[in-house]
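Treat the numbers as computed from the prediction; the structure is a model and nothing was measured.
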Amino acid sequence: MPISVNAPSSMPTTIDSGNSLKVAVMAKDQQEAEGQMALQLIEAAAPPQPVGNSGHNINTTA
């Protein structure tokens with residue numbers, strides 16, 4: 001069922017609900033992919049976990 005839109009004559013005057021639904025789904029998928037990439041970037045930027053105890057204990061009684 002097409003929906004009429006008030007638009008200049010150079011632009012389409014109807015919107016096909018099937019196509020607009022597909023575009024919305026594609027936009028959602030793109031946002032999810034970008035979110036996953038952002039999470040991977042944040043995880044990659046985290047400082048590495050220290051290995052061993054060397055340098056983590058300070059002798060304060062000396």
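- Rounded to the nearest 0.5 Å, atoms CG (Leu21) and CE (Met26) are 12.0 Å apart.
- In this structure Asp29 satisfies the side-chain contact (heavy atoms from CB on, under 4.5 Å) test together with Val25, Glu32, sequence neighbours excluded.
- Scored by the side-chain hydrogen bond (donor to acceptor under 3.5 Å, both in side chains) test, Glu34 finds Gln30 as partners (sequence neighbours excluded).
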